[in-house]
Structure formats: structure tokens, C-alpha cells
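A short write-up of the structure that comes next.
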Amino acid sequence: MKRMTWITLFLALSLVTAGAVGAEAPVFKIGVITSLSGGLATGGNVTKQGYEMWAKRVNDAGGIEINGKQYPVKLIYGDAQSEPSQAASAAERLAAQEKIDFALGPYSSGVTLAAAPVLEKYKIPMVTGSAESPLIWREKFKFTFGTIPPVNFTGSSALNVIATLDPPPKRAVVIGSNDAFSKATAETFRDTCEKLKIKVMKYDIVPSGQDLTPYMSAVRAMRPDVIAFGGHDEELIRLVKALRQIHYAPKALLMHYGVTEPAFIEALGKDAEQVYGASVWTPTLKTKGGLIWPDAQSYAADIKAAFGIVPDYTMAACSAAGLAFQAAVMQLGAAPPLDEAQKLALVDVLEKLDIHTFYGPIKFSHEGEFYHANTGLTPLAFRSRVARPLSSVRPTTRRHRRSTP
Amino acid sequence: MELLPQVILDGILIGGIYITIAIGFSLVFGVMHIIDFAVGEWIMLGAFLGYYLNGWTGLDPFALLPVVFVVFFGIGYLIQPAIQRVISGHRGNPLLMGLVFTFGIMLIIRGLGLTIFGFYSRSIPSKLAASSWLFEKGDFFLTVPFVRLAGLAFAVAITLVLHYMLKKTDFGTGVRALAQHKESAGLMGVDSHKTNCIIYGIYVGISAMTGVLVCTIFSMTPMEGGRYTVLAFFVVVLAGMGYLPGVPWAALFLGLIQSIFIVYLSASYTLLAVFVVLYIILLISPKGLFGRGW
Amino acid sequence: MFFGVGAYTTAILMKLGGWAFILTVPLGGLFAGILAFFVGLPTLRLKGSYFAIGTWALALALQQLALILDITGGPDGMRLPPYLNPSYFYYWMLGVVGGTFALYWILLEWAPFGLKVRAIREDQDGAMALGINPTRVKVQSFVLSAVPVGLLGSIYAYWITFIDPLSAFGDILTDQAVVMAVVGGLGTLIGPAIGAVIVFTFKTLFWAYLSDYQVLYLIILGVAIALTVLFLPNGLWGTFINYRDSSRGMRTQSVSRPRIDASEHSDEQEKGAPEHG
Amino acid sequence: MAETILKVQDVVKTFGGLHAVNRVTFDLAEGEVMGLIGPNGAGKTTLFNVISGYYPPTQGRIHFKGQDVSGVPPYKLAAIGIGRTFQVVKPFPGLSVLENVIIAGLCRYGTRRASEKHAWKILDFTGLADQADKSAANLTLAGRKRLEISKALALEPSLLLLDEVVAGLNPTEADKTIELILKIKGFGISILIVEHIMRVIMNLSDRVVVLNFGQQIALGKPADVARDPMVIQAYFGEDAA
């Protein structure tokens with residue numbers, strides 16, 4: 001009953017307030033849908049800082065130049081509260097009430113999957129700097145693009161490196177936390193292991209927030225060479241601590257997300273060693289960019305000055321998402337506010353986009369399972385603590401070729 | 001290999017952590033009939049105080065426990081009158097009022113926590129965390145992580161101290177009288193106001209110490225309090241609401257279920273199993289495993 | 001819990017069964033009702049807070065189940081084809097809510113059912129002596145309250161176009177509802193609605209003008225809840241009613257007067273419960 | 001003699017080790033008024049609760065109109081014609097007097113409208129009609145006791161269990177209530193009545209059952225029972241015997 005009242009009133013009020021927003025000075029109104037509260041707030045905040053950094057630099061320079069005139073950007077936030085339903089509501093509000101020209105996307109796949117159809121409904125293009133789940137791209141949203149390649153594109157790279165260790169690992173245990181992203185990561189790890197002829201002795205998807213110590217005791221009895229884990233940041237920290245507490249170190253511990261994150265290294269200190277991960281960007285990467293930042297180092301310095309932290313790949317990808325929009329809209333030459341035809345045209349420009357940024361190349365795939373994901377990048381494999389790329393490995397080239405014919 | 005001893009041990013060690021999470025919560029419910037939604041937030045705040053103290057002094061987290069307790073005892077003591085106001089007087093449904101009020105407190109603490117501590121996970125280093133005993137004999141092996149053992153020892157110590165306090169001291173007699181009958185306890189000279197403040201202070205103090213423990217064994221973010229609120233709730237319901245002696249057994253029971261399930265049955269179904277078991281036990285015996293709840 | 005059942009009914013039937021939306025909505029309500037019946041039968045034997053905890057545990061179990069099963073898409077959730085017409089859903093919701101209010105009004109104010117419910121709420125033993133079967137009436141009310149929620153879950157799934165275990169079985173809405181109920185006054189039909197308006201307006205204004213200080217929102221909401229409970233224990237609406245009544249004097253009260261003080265009696269029952277149990 | 005309506009056979013009710021009711025046996029004929037007396041704690045209310053279905057008997061059987069009703073829940077008994085009042089009155093305080101009675105009538109008359117018509121008749125009969133719109137919480141003690149009777153009557157019972165409906169009233173009110181009970185008896189409704197005030201029991205009852213510490217110590221005509229030495233001992237102690 002109460003929930004029902006709440007939803008009705010929400011609906012009624014959103015219809016009432018829809019007409020209230022009037023004309024303002026010509027700026028690009030950009031909706032940012034991300035989780036600023038809830039369980040994913042850590043990652044959400046990373047995306048927020050990335051988007052903010054881009055907007056700040058654009059506005060410091062006077063705005064985006066369209067036909068000789070400069071138009072500033074205005075970021076309008078919608079808190080997804082780490083819940084897909086809230087993300088959809090936020091997207092609905094930004095689209096219907098705030099009449100945004102463009103959207104910058106959420107952190108985490110579930111939230112993106114909820115927000116994307118809503119934006120699709122209102123024909124608003126979105127570039128997201130996070131959300132690495134393959135599911136998003138399988139849905140083939142016309143209006144959704146992403147600067148980070150999906151985990152099935154990147155995740156295998158670290159395993160490829162581990163496979164070259166001497167002696168080569170033979171047996172692996174793969175675990176995933178039960179959320180959309182982590183499960184996809186675990187699936188990728190499992191499939192890649194099989195491809196590399198590493199035997200998967202145990203594969204489990206566990207409910208998030210579990211104490212995995214007893215599980216690890218059981219795993220220890222199997223003595224695998226590799227433990228691969230898909231999960232979010234604090235789960236990774238807990239897993240490493242659990243292994244430490246039971247005094248067990250496999251040859252390689254593989255995690256996809258977060259190993260390059262400063263928080264991970266700070267929280268674990270020495271224990272973060274021996275953890276392998278994959279990433280697409282680090283501040284030490286050699287890149288050459290045209291817009292705003294000339295290279296990765298200058299970007300990192302900017303972030304350090306603004307927030308006092310070292311940026312990770314998600315933050316960089318988010319700033320790069322802003323750059324993608326900037327480049328596309330400049331090519332299009334459309335001044336705000338964008339009408340529906342211009343938004344459609346913007347999608348076409350984005351599809352053809354091929355630019356180089358501090359983050360690396362941005363080139364969205366047109367078809368296949370990586371539809372609209374950025375496949376211009378080269379994933380890197382890392383060993384944590386030093387967070388220095390071990391080597392650059394092309395992902396399974398066959399797949400890569402299929403996606404970009 | 002023979003896993004069972006290890007699985008049981010792990011279950012007991014998890015249970016030890018659950019004891020400390022739930023025992024203060026149960027005490028406060030038993031004495032004041034408050035379901036404190038903010039229990040997880042006290043745990044979170046304690047964890048962060050421990051984290052910063054550890055950073056400044058470099059002392060081992062276990063050595064910091066008394067300091068954390070004293071600080072949060074004070075905070076609890078000062079906050080209690082507001083809660084008392086909410087649950088007393090001519091108000092409808094004090095239980096629900098207390099629940100909603102502490103829900104508000106929870107939001108405030110969480111908001112402040114996020115503002116002050118930021119979003120990242122923290123964890124407190126401890127020398128104990130890096131060592132363990134290892135017995136190995138043929139197929140049989142058993143690892144005892146020091147830090148978790150210390151956690152269990154702490155839980156047992158807290159339980160014994162509370163037991164002693166309630167059963168053997170004059171203060172404890174007053175508390176028990178108060179829990180059973182507020183008015184007549186007052187007539188017999190128990191200062192209910194002060195007693196409630198002290199009990200609430202003890203509860204907040206224990207919860208904060210639990211935070212330090214959790215942050216040493218696992219990690220903590222300002223968003224995570226809610227998880228511990230749920231755990232505290234479940235343990236207390238299993239034990240029987242407000243039935244303090246049931247808490248350790250319920251906590252160990254929960255720990256063992258989790259540990260055995262995740263290893264022997266299905267890792268995916270662990271949480272489902274926990275909720276179903278809770279539901280079934282509630283149906284069979286609403287007053288907890290021992291039928292002694294409120 | 002019933003919200004999620006409705007939502008998943010529609011999602012599964014539309015996506016895997018290829019059903020039309022209109023057909024799935026009544027089924028969403030129906031399944032919610034059936035579940036309420038089978039859950040209510042054993043669970044409603046539990047008293048007060050134990051009942052709440054029992055249903056909570058069950059809702060969490062259902063959430064876990066939705067996370068594990070394949071048919072629900074697990075943690076990935078389910079996506080439905082978007083339907084671009086907000087007013088369509090608006091009328092659906094209005095219809096369901098209006099219909100529910102009308103049905104409840106008739107049942108509670110005019111039909112014998114309402115009197116039976118009130119009798120049980122006030123004195124269960126007394127009601128039994130008058131031939132009222134409390135378990136039956138409770139299960140009936142439980143089913144009655146579950147059906148509209150299931151219907152709304154169905155509509156919600158298609159409106160939002162994406163559901164997953166967290167959104168369908170999460171408790172964020174429930175928390176808000178509790179909050180609103182108390183801000184707006186407990187045990188009345190109008191109280192929760194007023195609470196909802198206030199919380200929603202506050203939230204919208206906050207997002208519009210202070211979007212950079214999202215965390216502050218938590219704090220302000222928390223402070224608002226705490227202060228309301230401290231100083232307006234009957235909620236805003238309840239306080240208003242009390243004020244109106246006291247300024248009118250203690251005149252004869254009309255039959256349909258909203259019962260603000262219901263909670264006091266239920267409190268007495270709670271205290272008395274162990275003696276009967 | 002008329003047919004037996006209630007048959008209580010060897011009924012035992014224990015709580016833990018305590019025998020609240022121990023081997024009580026009696027019959028109640030149609031139209032008969034039976035008094036149930038005994039000192040405080042004798043088990044009268046417990047016996048009432050067993051007969052009206054609130055507690056299942058630990059041992060023994062209860063037959064109502066020839067049907068075994070041991071352990072049948074109260075709401076079913078109410079439906080087949082056992083009405084009862086409570087010693088601690090149980091009105092629904094938030095509802096009006098009229099609504100209180102309507103609820104009871106619903107059991108016989110399915111619709112609210114028919115039940116309301118019936119309720120007015122009952123209220124006229126019990127003299128509460130002028131207070132029908134009052135909230136039940138605002139009635140005097142006498143009014144509330146009368147409301148208890150009204151509710152039980154609205155069930156159109158063939159057996160009425162009255163638990164101290166006179167106790168606590170002033171003499172005028174008490175006389176009015178006794179008069180009311182006699183009128184009810186006049187309809188041919190069987191009544192089992194618990195009362196402390198001997199005058200009431202002696203005036204009303206055809207027969208009396210006496211309980212002491214759960215045991216049935218006497219059964220018979222009021223005048224005979226009053227002379228029974230065991231009864232006198234139970235009421236006045238050892239010295240009086």
C-alpha cells in the first residue's frame with residue numbers, strides 16, 4: 001500500500017513538474033547518471049570525479065567551440081543509488097525534466113542496463129566511462145557507447161600473461177561474486193582458462209558479502225596454481241586478507257577489477273603483491289592526445305592537483321567519455337540545445353569516431369558482441385603493488401578481428 | 001583430504017565475530033526494548049576510529065580496543081536520553097518509534113561517515129593478521145589464523161564480562177530488575193535513567209570495538225554498516241529477542257551453517273540457506289532457538 | 001516481496017513467453033495473491049515483530065533465489081522492450097491505485113470485512129468469542145494487500161523496462177515507506193500519502209539545487225526523521241488530527257474517524273501477548 | 001427434564017504441573033441456569049476458557065448438543081451457538097457500541113445491513129440503545145458489562161457463558177443486570193454463570209457447581225450446596241467447618 005502511494009505520487013509529480021523547466025543560457029546540458037550513494041558509491045564517486053575533471057577543463061577554456069562560438073557544459077547529476085530502478089528513475093528525470101542533450105553513464109553494469117533503455121526511449125546518446133559487463137553490448141543499444149572495452153575483451157589478457165609463467169600453471173579455481181559484472185568476469189576467466197588449457201577445478205558464483213575463508217580452506221586443499229576472482233573492491237581486499245590469514249599463497253592470484261586502485265594497495269600494503277590484474281590504462285602509459293590533455297602523465301597530474309589522488313583507469317575512461325562527446329559534437333557542429341535530429345546525427349558521428357586521447361585511442365565497434373564498446377584500446381596485464389604494466393598483450397586476436405572487420 | 005575439522009573451526013571463528021556483532025544489540029533490546037537500526041553504523045564508526053588511531057600511534061588494533069570502548073561508551077551515554085524520550089511517554093508503538101528513530105540516526109551517521117571518511121575501503125593492519133598455526137599430518141590439516149582466534153577470544157571475554165556484570169554485581173541486579181519491570185525496579189531504588197545510559201553506552205562501546213575487530217579481519221567502508229545490522233538482527237532473532245545467553249550459541253550456529261554450506265553443499269546457495277533456516281526456525285519457535293526470547 | 005513477484009511474473013511472461021503486457025498484469029496480481037496465501041498461512045501465526053522478521057527473511061530468501069535461478073536472469077536481471085509512453089503507465093497506475101483505494105474503502109468501511117479486521121486489531125480474543133476466525137481474516141487481509149502490490153510490480157517492470165533482484169526485492173522502497181508512514185502518521189490512509197509528498201518534494205528540490213552534495217541528503221533526511229519522531233510522535237498528519245480534535249473539544253466521534261491511536265492499543269496487546277501465548 | 005445441551009466430562013486442564021481444573025463433570029439442560037462458584041483461583045475462568053475453546057482440555061471431553069467440541073476453536077463454537085462474556089471485559093474500544101454488536105451479529109446475519117438491524121433490537125433489549133453511537137471506550141463499567149452481554153446475545157446463542165457480569169456494579173445496576181439475565185433465561189437460553197456474589201447465584205441458578213483448587217467439590221440445588229460442609233469449609237476456612 002505505502003509503496004504504491006509512493007510510486008503514484010512520484011509519477012504524478014514528475015508529470016506536473018515536467019513543464020517547469022524554462023529556457024536558459026545556451027549550454028550543453030549533460031546528465032550524469034551514477035551511483036553517488038549505496039553499495040557502489042566508491043566506484044560511482046570515481047566516475048563522478050572523472051566526469052567532473054573533464055567538465056572543469058572544458059569550462060576553464062570557455063566551453064566547447066561550435067562554429068566559432070563557445071558553449072560551456074553543465075553537468076546535472078542523477079543519483080542511481082546503486083539500484084537499477086533508481087538509475088532508471090534518474091534517467092527518466094534527466095531526460096524528461098532536465099531535457100539533457102547528452103548523458104554520461106553510470107558505474108556498474110546493472111545500473112547501466114537499467115538506464116540505457118530509458119535514454120533509448122528519449123533518444124539521448126550516452127557514453128559511459130565504466131560498465132564493463134559484456135551484457136550491455138550484447139543488448140546492442142543504439143544510443144549507448146562505452147570507452148572501456150568489456151571484460152571479455154580485456155579480462156583474458158592477464159590470464160594470457162599468467163599462462164607464460166614458468167612453470168606454466170595447470171590448475172585453476174575460478175570464483176565470482178554474484179552481481180552482473182563480477183559474474184561476467186568470472187565467466188571470462190573460466191572460458192579463457194579452458195582456452196589456455198588450464199584446468200578449472202572449481203567454479204562458483206557466491207553471494208556477495210560472504211566471508212570466503214572457509215571456502216578458501218577448501219580451495220587450499222585442492223592446491224590450484226591460479227585463483228581467479230571476479231568481484232568488487234572490498235571483496236577483493238577481503239579475499240586477499242583471508243588468504244593471508246590462512247597462510248596460503250597460490251602461484252598467481254588473479255583479479256580483474258581494482259588491482260590498480262590506490263585504495264586496494266593502501267588497504268592491503270604488502271599483501272597486495274602477487275595479485276595480477278588487467279587494465280586498459282595507467283598514469284604511466286605512453287599516449288598522445290589531441291583534446292585537453294596531451295598525455296596520460298598530464299592527466300594524472302591534473303587529477304592529483306584537483307583531488308589529491310592517482311587516477312585509475314575508470315576515472316580516465318570517464319574523462320575520455322567526455323572527450324568523445326566533445327569531439328563528436330565539434331565534428332557535428334551543432335549548438336545546444338540539440339534537437340532530436342541532431343542527437344541522431346551525433347550517434348552517427350560517434351559510430352565513426354576515431355580519435356587519440358590521453359587515455360588512448362577511442363574507436364567504437366559497429367557490430368558483433370562488442371557493439372558500441374571501445375575496441376580501439378590495447379588491454380594490459382598488471383601485477384599489483386607496483387601497478388606497472390608487465391607487458392602489452394593483444395587479446396585473442398581472432399575475436400578482435402571479428403569485431404572490427 | 002579431511003576438511004571437516006577445518007570447516008568446523010572456520011565456522012566457529014566466524015561465529016565468534018557474530019557474537020561480538022550481536023551481543024550488545026541483544027543486551028539493549030533486552031533491557032530497553034529498542035531495536036537499534038544504527039548498530040552497523042556504530043560498528044563502522046568504531047572501525048574508522050581504530051583505523052585512524054592505528055595510523056597515528058602505530059599500536060596494534062587489539063591494544064586500541066579499550067580506547068575505542070571508552071570513547072564510544074561516552075557517545076552512547078550521551079545519546080541515550082534522546083532514545084529514551086522517543087520510546088517512553090504516551091507514544092504509540094514504542095518499538096516502531098525506536099526503530100524509526102534509530103533509522104534516522106543511522107542515515108545521519110552514514111552521511112557523516114561518507115563525508116569525513118570518503119568512499120574507499122580501509123583495513124587495519126595487525127601483526128596477528130599475518131600469522132597462523134598450521135597443523136598438518138598426512139591428509140589432516142588445520143590452520144588457525146591468529147587474528148581470528150584473537151577475535152573469538154575477545155568475543156568469549158566480552159560474553160563472560162557481561163555475564164559476570166549482570167549476574168554478580170549490584171548494578172547487574174538493577175539492570176535485570178529494570179528489564180523485567182520498569183516501575184517496580186524504580187520503586188526499589190534503581191536509577192533507571194542512569195542505568196539505561198550506562199547500558200546503552202556499553203552497547204555502543206562493544207559495537208565500536210567490534211568495528212575495530214572487523215576492520216582488522218576484513219575491511220570497512222562507510223557504506224557497509226547495513227550489512228552488520230542485518231547480521232546482528234539475525235543472530236538476535238535466532239537467539240531469541242533479548243535473550244542474552246542465547247547469543248553465543250546462535251552466533252556459532254549461524255557461523256557453522258555458513259561454513260558447512262559454502263564448502264559442502266553449494267556456495268551459491270549459502271545466503272539462501274541462511275534466510276530459509278531463519279524463517280523455518282521462526283515458524284517452529286518464534287522465540288528463537290531456545291524459546292526464551294521476548 | 002510481492003512487488004518483486006509481480007515484476008518477475010510480467011518480465012518472465014513477456015520475455016520468455018512472448019505474452020502481451022495487458023495479460024501479464026492480472027497474473028502478476030494473482031501470483032502475488034497466491035504467494036501471500038501460502039506464506040500467510042504459516043507466517044501469520046507469528047505475533048507482531050516476529051511476523052515482520054519472518055516476512056523479511058522470506059523476502060531476502062526470494063531475492064537470493066532470483067539471484068541464483070536462470071529463468072530470472074540471475075544478477076543480470078531482465079530487460080523488457082521499452083514502451084515510450086509515460087502517460088500509458090500513469091493511467092495504469094492511477095487505475096490500479098484508484099481501484100485499490102475504492103476496493104479498500106468499500107471493504108473496510110462498508111462491508112462486514114472492515115469491522116472484522118478492526119475487531120481483531122483491537123482485541124483478538126474478544127473477536128474470536130464473536131465467531132471471527134482471526135487467522136482467516138488475517139490471511140485475507142494479507143492477500144488483499146499483496147494483490148495490488150503485485151499488480152504494481154507488473155506495471156513497474158514494464159515501465160522501468162529493467163528489473164533485477166536488487167530492485168525487485170530490495171528494501172529501499174520499504175524503508176522509505178516506513179519513514180513516510182511515520183513522518184505522515186501511522187494507522188491512517190492519508191498519513192503515508194502526505195509523508196510521500198513531503199519526502200518526494202524534498203528529494204526533487206534537493207537534487208535540483210544541491211546535486212553536488214548528495215551525501216548531505218542522507219544527513220538531512222536522517223535529521224528530519226529523528227526530529228519528527230522526537231517531537232511529533234504521531235507524524236505530521238496525526239499531529240494535525242490531534243490538534244483539530246482537541247480544538248474541537250471532546251465531542252462525539254464519528255464512526256469513520258481515522259484511528260491514530262490504534263498503535264497504543266496494539267502496544268497493549270504486545271505487552272499482553274506473552275500471557276495469552 | 002429437557003434435553004442436555006452441554007456435557008462436561010472429566011475435564012482436566014493443567015498448566016505446567018499445576019492442575020487448574022481437575023476432573024470436573026456436569027451436565028447442563030436446555031433452558032437451565034447453572035451457577036459456577038468457588039473461591040479465587042478455583043479455576044472457574046479456566047473452565048470457562050476450556051468450554052469456550054480458548055484452551056484445549058488436557059483430558060476429558062466436552063459435548064455441546066451431542067457433538068464433541070473438545071478443543072474446537074472459539075470462533076467455531078461461537079458459530080454453533082456458544083456465546084460468552086469475559087471477566088475482564090473485551091469491548092473493541094475504538095468502535096462504537098453499535099459496531100461492537102454488529103460484529104457479533106455478522107456471524108448470524110451475513111450482511112452488515114441485516115446485522116445492524118439485529119443489533120438495534122439487541123441494544124433495545126439490553127437498554128444500551130441510547131448509547132449506541134458512543135465509543136465503547138467511553139462507557140461506564142456497567143455499560144461495558146452490559147455491552148459484553150449484548151455482544152454475546154447478538155450471536156443468538158443457545159448456551160451463554162457469563163463470567164462475573166454483576167461483580168463490581170452498585171446495587172441498582174446489579175439488580176438491573178439480574179433482571180436482564182432472568183429475561184434471557186425466559187427465552188430458554190441455557191446459562192452457565194460465574195459469580196462471586198452469593199445473592200446473585202442463589203437467586204438465578206437452578207443448580208450450582210462448586211470448584212475449589214480446580215476440584216469439583218459440590219453439585220446441586222443452591223440451597224443444598226449452601227449447606228454442604230465442604231463448601232462452607234472452602235469459603236470460610238477450617239474453623240467454620
Side-chain angles (χ1 to χ4, degrees), chain A residues 35-46 48-49 82 175-176 178 183 202-223 232-242 244-248 258 261-264 266-271 307 309, chain B residues 1-3 6-11 13-14 17 51 110-111 114 118-125 128-134 139 141-148 216-224 226-227 230-231 255-256 258-264 266-272 274:
Chain A
S35 297
L36 302 169
S37 56
L40 304 171
T42 313
N45 206 45
V46 168
K48 181 178 179 239
Q49 287 174 334
S82 310
I175 319 146
N178 200 357
K183 195 177 163 198
K202 200 169 165 63
Y203 169 75
D204 267 313
I205 300 296
V206 294
S208 27
Q210 283 284 290
D211 181 7
L212 287 173
T213 315
Y215 188 87
M216 282 303 143
S217 300
V219 165
R220 171 196 192 146
M222 298 176 165
R223 302 194 186 284
H232 282 279
D233 45 4
E234 72 262 15
E235 289 162 341
L236 306 188
I237 294 176
R238 283 170 182 214
L239 185 75
V240 174
K241 289 191 93 163
R244 186 79 184 157
Q245 282 162 20
I246 63 170
H247 243 309
Y248 174 54
E261 230 184 64
F264 178 79
E266 198 219 300
L268 290 174
K270 208 156 57 89
D271 294 342
F307 306 113
I309 49 170
Chain B
M1 279 200 203
E2 191 48 67
L3 264 177
Q6 181 74 51
V7 169
I8 289 174
L9 178 79
D10 284 336
L13 293 176
I14 295 176
I17 300 166
Y51 174 79
R110 186 173 293 178
L114 282 168
F119 294 89
Y120 293 114
S121 282
R122 305 291 163 86
S123 95
I124 309 175
L128 288 175
S131 10
S132 60
W133 272 311
L134 178 66
D139 269 0
F141 76 94
L142 195 63
T143 315
V144 188
F146 277 4
V147 68
R148 285 179 182 238
T216 309
I217 297 176
F218 305 117
S219 66
M220 184 60 77
T221 73
M223 293 306 304
E224 243 178 324
R227 175 182 298 168
V230 174
L231 277 174
L256 281 172
Q258 229 170 306
S259 170
I260 291 171
F261 216 94
I262 204 169
V263 173
Y264 285 111
S266 157
S268 317
Y269 287 82
T270 319
L271 273 186
L272 180 65
V274 168

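Hydrogens, waters and symmetry mates are skipped; everything else that's a heavy atom, side chains included, is used. Predicted, not measured: the structure shown is a model, and the values here were computed from it.
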- [ ] To the nearest 0.5 Å, tell me how far B/Asp10 CG sits from A/Asp211 CG.
- [x] 8.0 Å
Task: Gap separating the CG atom of A/Leu212 from the OG1 atom of B/Thr270, nearest 0.5 angstrom - done: 9.0 Å
Task: Portion of A/Asn178 that has a non-hydrogen atom of chain B nearer than 4.5 angstrom - done: neither
Open item on the list: I need the minimum non-hydrogen distance between B/Val263 and A/Pro214, along with the two atoms involved.
Closed with: CG2-O, 3.4 Å
Task: Distance-minimising heavy-atom pair for B/Ser219 and A/Arg238 - done: O-NH2, 3.2 Å
TODO: Would you indicate whether the side-chain heavy atoms of A/Thr213 and B/Arg148 approach each other to under 4.5 Å?
DONE: yes
Open item on the list: For the residue pair A/Lys241 / B/Ser123, report whether a side-chain donor-acceptor contact shorter than 3.5 Å exists.
Closed with: yes
Open item on the list: Between B/Leu9 and chain A, with a heavy-atom cut-off of 4.5 Å, which part of the residue counts as in contact: side chain, backbone, both or neither?
Closed with: neither
